[in-house]
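Have a look at the structure below, then the notes.
Note: hydrogens, waters and symmetry copies are ignored here, and every other heavy atom, side chains too, is used. Sequential numbering from 1 along the given sequence is applied to the chain's residues.
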Amino acid sequence: MSKKVETPVLIVGAGPVGLGLALELSWRGIPCMLLEQRDGTIKTPKLGAIGLRTMEICRRWGIAERIRQTPFRRDYGLNMVFCTNIAGHFLARHPYPSLEEDAAPAESPEKKWRCPQLWFDPLLSQCVKEYDSVDLRYRTRVDSFRQEGDRVITEITDLETGRQETVIAQYMVGCDGAGSTVRNQLDIGMEGTPTLDHSAAIFFRSSALLASHDKGEAERYLFFGPKGFWGNISAMDGRELWRLTVVSNAEQVEQVCRDADQWVRRGIGRDDVPFEVLSALPWRRSQLTAKRYGEGRVFLAGDSAHTMSPTGGFGMNTGMGDAVDLGWKLEAMLKGWGGPALLDSYSAERLPIGVRNVNASAHNYFALKSVKDCAVIEESSAQGEALRSEVGDAIALATHTEWETLGIHLGYRYENSPICVPDGSTADADSPRFYVPTTRPGHRAPHAWLADGRSTLDLFGRGFVLLRLGATPPDTSAFSAAASACGMPLTVVDISSPAIAGLYERALVLVRPDGHCAWRGDAMPENPQQIIDTVRGVAPAGHKAG
């Protein structure tokens, strides 16, 4: 018989989202087991950018500075350059500063960061290993699982030794990617467009590339040929490591990988620039969201729940939002203060965000493909020059929503959440580019600097926080008593600053452990217990708490 081991939470998949969920749980004092079939080595880096909200999450875990210390060159210019190839004709430029020149926006204590997967995954893995509460196992396969009452029973195999074990968990989370074993065994389908294209990712080294052209430094060089957009080269370290993406199709993508040298040469545009191809990986670009984010005690997060075009860099960052939303709810259930509807709210809240971000990513991809008539774009002629000017203007205008994404990262909101108390207010437009801070229930609580140098965001995370704002806030002892009676962690914080009181819009704001607002008002509600029951998933969904 196989050995039996027990864990509160079993996480399948140790990519960035699985590692992030393990960090979130460990930070909350919840032990977990994390399994990964691979050995953790990153041969072809996929993600490159750590979004603003993910940096806020990493700030919570205490690892944001460690991300800022990873090797990407801080003084490297992060422009977006459109051209026929790096040595070829220039089309347009979106100018953006280097990491050291960029400033955090007024709406956040953090700023986005360039930390490709080469360093991000190993860093998260190291951070996870620093917690004794995490049992992290690489080269371990999930063979099958079943749900029995209050347990998830999973059969696993160590791929190095062949040893088999049975894991008994209270909850399971599938973070195992687009081809998720967990999702497939749950028989949860995906909705959307399965294939936008087939592309190749070619990882290569060239220390000579930067000095070989006149386009200047860029985070990404985007290429247009006679048939329109065909690929891009992205900086992986700002020195010598690069990733070429080639847009292809199902019939040709494997050949593109075999002909990687030829495609790199086309992107560079010169025969005398030395380079070394390190790896080539075919992949499918899709626009899909799971029909539901779990079943029973098994949940989906990250690419197992949503797969999207990388245009905009929303995939991993959306997954980190999944991890944080699910993490505090699992803690609540395991510590006994979460109600029967709390975990149901995970899918209710995160699935619409998955659909939103999947569609935004596809929009960005279609914007890149929107310029069709490029027949003479490479010609050194008056006609070619005129076309390049026209295409450059059009593509620069069409792609703003890929590079300027404050709304995507900070402006998402949980409409119709069963654990947020609506107050009848109307939401601002959900714009991918623009973000308007608000404490409307369901929205991320706004950032402001406190007198002691902390951000308001630094107040949130461990439990619920009730903010009492202004010079004479109402007495909230009944709120504290109601929370204490059911074991729900609640901290009351007074903020007298008129500026912050104005930003937070009401005298009282209840903020969830994930930093989203759950309730607000200018006076104590008639029945504070009803509010507490709603936000911890006890009260019926959709009831009105006053």
Side-chain angles (χ1 to χ4, degrees), residues 13 15-18 20-21 44-54 112 116-117 120 174-180 182-183 188-201 220 222 229 231-232 234 243 245-248 250 253 281-293 300-326 347 349-370 398-412 430-433:
V17 175
L21 179 57
T44 306
K46 299 175 185 176
L47 71 92
I50 311 302
L52 188 58
R53 183 57 174 155
T54 299
K112 63 184 179 182
Q117 198 169 8
F120 190 55
C175 303
D176 51 340
S180 172
V182 174
R183 187 189 68 240
I188 294 177
M190 303 284 276
E191 294 183 323
T193 305
T195 305
L196 298 176
D197 73 36
H198 288 260
S199 292
R220 191 167 301 164
L222 299 106
F229 174 71
N232 67 73
S234 298
R243 186 192 64 223
T245 299
V246 178
V247 175
S248 185
V253 69
L281 176 72
W283 56 279
R284 177 171 55 89
R285 192 186 308 258
S286 59
Q287 183 184 1
L288 294 169
T289 311
K291 293 181 179 179
R292 57 189 187 280
Y293 276 19
L300 305 175
D303 285 356
S304 67
H306 41 72
T307 61
M308 61 192 78
S309 172
T311 38
F314 305 150
M316 180 278 296
N317 294 290
T318 304
M320 284 299 188
D322 299 339
V324 169
D325 187 275
L326 185 56
S347 189
E349 291 183 343
R350 292 303 302 174
L351 197 157
I353 306 305
V355 172
R356 165 194 190 255
N357 292 0
V358 162
N359 291 342
S361 298
H363 170 85
N364 292 337
Y365 176 63
F366 295 139
L368 278 174
K369 301 277 284 184
S370 62
T399 57
H400 270 299
T401 55
E402 181 169 354
W403 324 124
E404 297 170 18
T405 56
L406 194 64
I408 286 287
H409 291 283
L410 300 187
Y412 65 90
D430 185 6
S431 164
R433 292 182 63 186

What pair of heavy atoms forms the shortest contact from [X] to [Y], and how long is it?
| X | Y | value |
| --- | --- | --- |
| Gly312 | Asn364 | CA-ND2, 4.0 Å |
| Ala290 | Ile188 | CB-CG2, 4.1 Å |
| Val17 | Cys175 | CG1-SG, 4.2 Å |
| Tyr293 | Ser347 | N-OG, 3.2 Å |
| Ala367 | Ala398 | CB-O, 3.4 Å |
| His306 | Val358 | CB-CG2, 3.9 Å |

Go through the side-chain N and O atoms of [X] and [Y] and say whether any donor and acceptor fall under 3.5 Å apart.
| X | Y | value |
| --- | --- | --- |
| Ser199 | Thr245 | no |
| Asp176 | Ser180 | yes |
| Thr401 | Arg433 | no |

Backbone N/O of [Y] and side chain of [X]: donor-acceptor pair under 3.5 Å:
| X | Y | result |
| --- | --- | --- |
| Thr311 | Ser361 | yes |
| Arg243 | Lys46 | yes |
| Thr405 | Glu402 | no |
| Arg183 | Ala178 | yes |

First locate atom [atom1] of [X], then atom [atom2] of [Y], and finally report the distance between them rounded to the nearest 0.5 Å.
| X | Y | atom1 | atom2 | value |
| --- | --- | --- | --- | --- |
| Thr289 | Leu300 | OG1 | CG | 12.0 Å |
| Ser234 | Leu222 | OG | CG | 7.5 Å |
| Thr399 | Glu404 | OG1 | CD | 9.0 Å |
| Thr54 | Lys112 | OG1 | NZ | 13.0 Å |
| Ser248 | His198 | OG | NE2 | 9.0 Å |
| Gln287 | Thr195 | CD | OG1 | 11.0 Å |

**Prompt:** Which residue, Asn357, Thr318, Asn317, Ile353, forms the side-chain contact (heavy atoms from CB on, under 4.5 Å) with Ile408?
**Reply:**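 Per the side-chain contact (heavy atoms from CB on, under 4.5 Å) rule, the option paired with Ile408 is Asn357, out of Asn357, Thr318, Asn317, Ile353.
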
**Request:** Please step through side chain to side chain contact (heavy atoms under 4.5 Å, CB included) for the pair Phe314 and Arg356, ending with a clear verdict.
**Result:** CA-CA 10 Å; Phe314 305 150; Arg356 165 194 190 255; over 6 Å; no

**Request:** May I ask you to establish whether Arg285 and Tyr365 are in a cation-pi arrangement, using a distance under 6.0 Å from NZ or CZ to the six-membered ring centre and at most 45° from the ring axis?
**Result:**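 Pair Arg285/Tyr365 counts as cation-pi.
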
**Request:** Output, in order, the C-alpha distance, side-chain angles, deciding distance and verdict of side chain to side chain contact (heavy atoms under 4.5 Å, CB included) for Leu52 and Leu406.
**Result:** CA-CA 8 Å; Leu52 188 58; Leu406 194 64; 3.4 Å; yes

**Request:** Compare all side-chain heavy atoms of Pro16 with those of Leu47 and state whether any distance is below 4.5 angstrom.
**Result:**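 They are in side-chain contact.
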
